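Heads up: the structure comes next, in structure tokens.
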Amino acid sequence: DVIAVDPATSQIGTTRATVVALTTTAVSVVMESTGAVQGVVFNANGQPVAGALVAGGVAIVQTDANGFFRLDGVPAGRRAIEAGDPVTRRRGLAQVEVLPGQTVNASIRLEGRATITGRVLDANGNPVPGASVRLPQMGGYQFVIANNQGVFTFPDLPLGDYLIQAPGPSAESLIQF
């Protein structure tokens with residue numbers, strides 16, 4: 001493959017060539033068409049996110065104080081424009097159709113996440129200190145240990161429905177290897 005990069009515009013072009021011994025092979029490399037994508041990154045509550053990183057072309061840009069971004073030099077065609085907030089570690093993306101020489105708009109909403117907090121009680125309504133609590137998930141379980149008041153927390157979970165089970169295995173058996 002022959003790859004050409006225009007350092008001024010970051011445009012890329014590729015072609016294939018067959019090289020034969022003792023001959024000169026001439027090829028033409030056509031630079032791909034590009035466009036631009038601009039828009040705003042929002043958190044799960046619809047508020048603009050300042051300082052989010054946005055990628056989808058040949059560069060990574062950072063949103064301004066209003067969550068605005070602009071990506072230039074994005075190859076034409078269907079593209080995924082991805083964003084992430086380095087503070088909250090939330091991510092999101094938007095699918096756009098980039099048109100040659102045009103600017104298209106995109107709105108990117110970062111994923112929502114939440115924390116589940118609960119309390120383990122026995123049949124008489126008394127807290128169960130140190131109870132093992134499990135949350136089934138693909139490939140196994142996620143475990144936490146309740147505190148002395150029976151309170152447990154599963155932090156930073158994707159939004160959705162969960163089945164929480166208590167008691168799970170003992171804390172001692174979870175620690176052993």
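Note that the structure is a prediction, hence the values are computed from the model and not measured. Only this structure's heavy atoms are used, side chains among them; waters, hydrogens and symmetry mates stay out.
- The neighbour count for Arg113 CZ, taken as heavy atoms of other residues, nucleotides or ligands under 6.0 Å away, is above 12.
- Paired with Arg90 under the rule side-chain hydrogen bond (donor to acceptor under 3.5 Å, both in side chains), one option of Asp85, Asp156, Asn43 passes, and it is Asp156.
- When the shell of 6.0 Å around CZ of Arg16 is examined, it contains 12 or fewer heavy atoms from other residues, nucleotides or ligands.
- Residue Arg89 places its CZ atom among 12 or fewer non-hydrogen atoms of other residues, nucleotides or ligands, all under 6.0 Å distant.
- Under the 4.5 Å side-chain heavy-atom criterion for ILVMFWY residues, a single connected hydrophobic cluster contains both Val120 and Phe154.
- Closest of all the heavy-atom pairs between Ala4 and Val29 is CB-CG1, 3.8 Å.
- Thr14 pairs in a side-chain contact (heavy atoms from CB on, under 4.5 Å) with only one of the listed residues (Val30, Val2, Ile3), which is Ile3.
- Listed for the Arg79 side chain is no donor-acceptor partner under 3.5 Å among the backbone atoms of Val96.
- Side-chain contact between Gln38 and Asn105 is present, with heavy atoms from C-beta onward closer than 4.5 Å.
- Residues Val144 and Leu157 fall within the same hydrophobic cluster, defined by Ile, Leu, Val, Met, Phe, Trp and Tyr side chains chained together at heavy-atom separations under 4.5 Å.
- Ile108 contributes atom CD1, which lies 4.0 Å from atom CZ of Phe69 (distance to the nearest 0.5 angstrom).
- A donor-acceptor contact shorter than 3.5 Å links the side chain of Asp122 to the backbone of Asn124.
- Summarising the local packing, CD1 of Ile60 is surrounded by 12 or fewer heavy atoms from other residues, nucleotides or ligands at distances under 6.0 Å.
- Note that the CG atom of Asn126 and the CG atom of Leu121 stand 8.0 Å from one another [nearest 0.5 Å].
- The heavy-atom pair separating Gly112 from Leu159 by the smallest distance is O-CG, 3.4 Å.
- Atom OG1 of Thr153 sits about 8.0 Å away from atom CG of Asn147, to the nearest 0.5 Å.
- Contact annotation: the side chain of Ile81 approaches that of Val54 to within less than 4.5 Å [non-hydrogen atoms, C-beta and beyond].
- Side-chain contact between Leu110 and Val41: present, with at least one pair of heavy atoms (C-beta onward) separated by less than 4.5 Å.
- Considering CZ of Arg119 and CD of Gln149, their distance stands at 7.0 Å, rounded to 0.5 Å.
- Val151 and Ile145 fall into different hydrophobic clusters, defined by Ile, Leu, Val, Met, Phe, Trp and Tyr side-chain heavy atoms under 4.5 Å apart, directly or through other members.
- If you take OH on Tyr141 and CG on Leu135, they are separated by 10.5 Å, rounding to the nearest 0.5 Å.
- At least one donor-acceptor pair closer than 3.5 Å links the side chain of Thr25 to the backbone N or O of Thr18.
- Residues Arg91 and Glu82 form no side-chain contact, since every pair of their non-hydrogen atoms from C-beta on lies 4.5 Å or further apart.
- The closest donor-acceptor contact from the side chain of Arg109 to the backbone of Gly92 lies at 3.5 Å or more, if one exists at all.
- Using a 4.5 Å cut-off between side-chain heavy atoms of Ile, Leu, Val, Met, Phe, Trp and Tyr, with links allowed through other members, Val61 and Leu53 fall into different hydrophobic clusters.
- Remark: the backbone N or O of Ala52 is paired with a side-chain donor or acceptor of Thr63 at under 3.5 angstrom.
- Side-chain atoms of Pro158 and Glu111, non-hydrogen and from C-beta on, never get closer than 4.5 Å to each other.
- Side-chain contact between Pro155 and Thr115 is present, with heavy atoms from C-beta onward closer than 4.5 Å.
- Taken from CD1 in Ile116 to OH in Tyr162, the straight-line distance is 6.5 Å, to the nearest 0.5 Å.
- Closest approach of Pro75 to Glu32, counting heavy atoms only: CG-OE2, 3.3 Å.
- Counting all heavy atoms, side chain and backbone alike, Val98 lies closest to Ala36 at CG1-N, 4.4 Å.
- Of all heavy-atom pairs between Phe42 and Ser107, the closest is CE1-OG, 3.3 Å.
- Put simply, Leu71 and Val40 are part of two different groups of oily side chains (I, L, V, M, F, W, Y) that touch within less than 4.5 Å, one to the next.
- Counting all heavy atoms, side chain and backbone alike, Val37 lies closest to Ala106 at CG1-CB, 3.9 Å.
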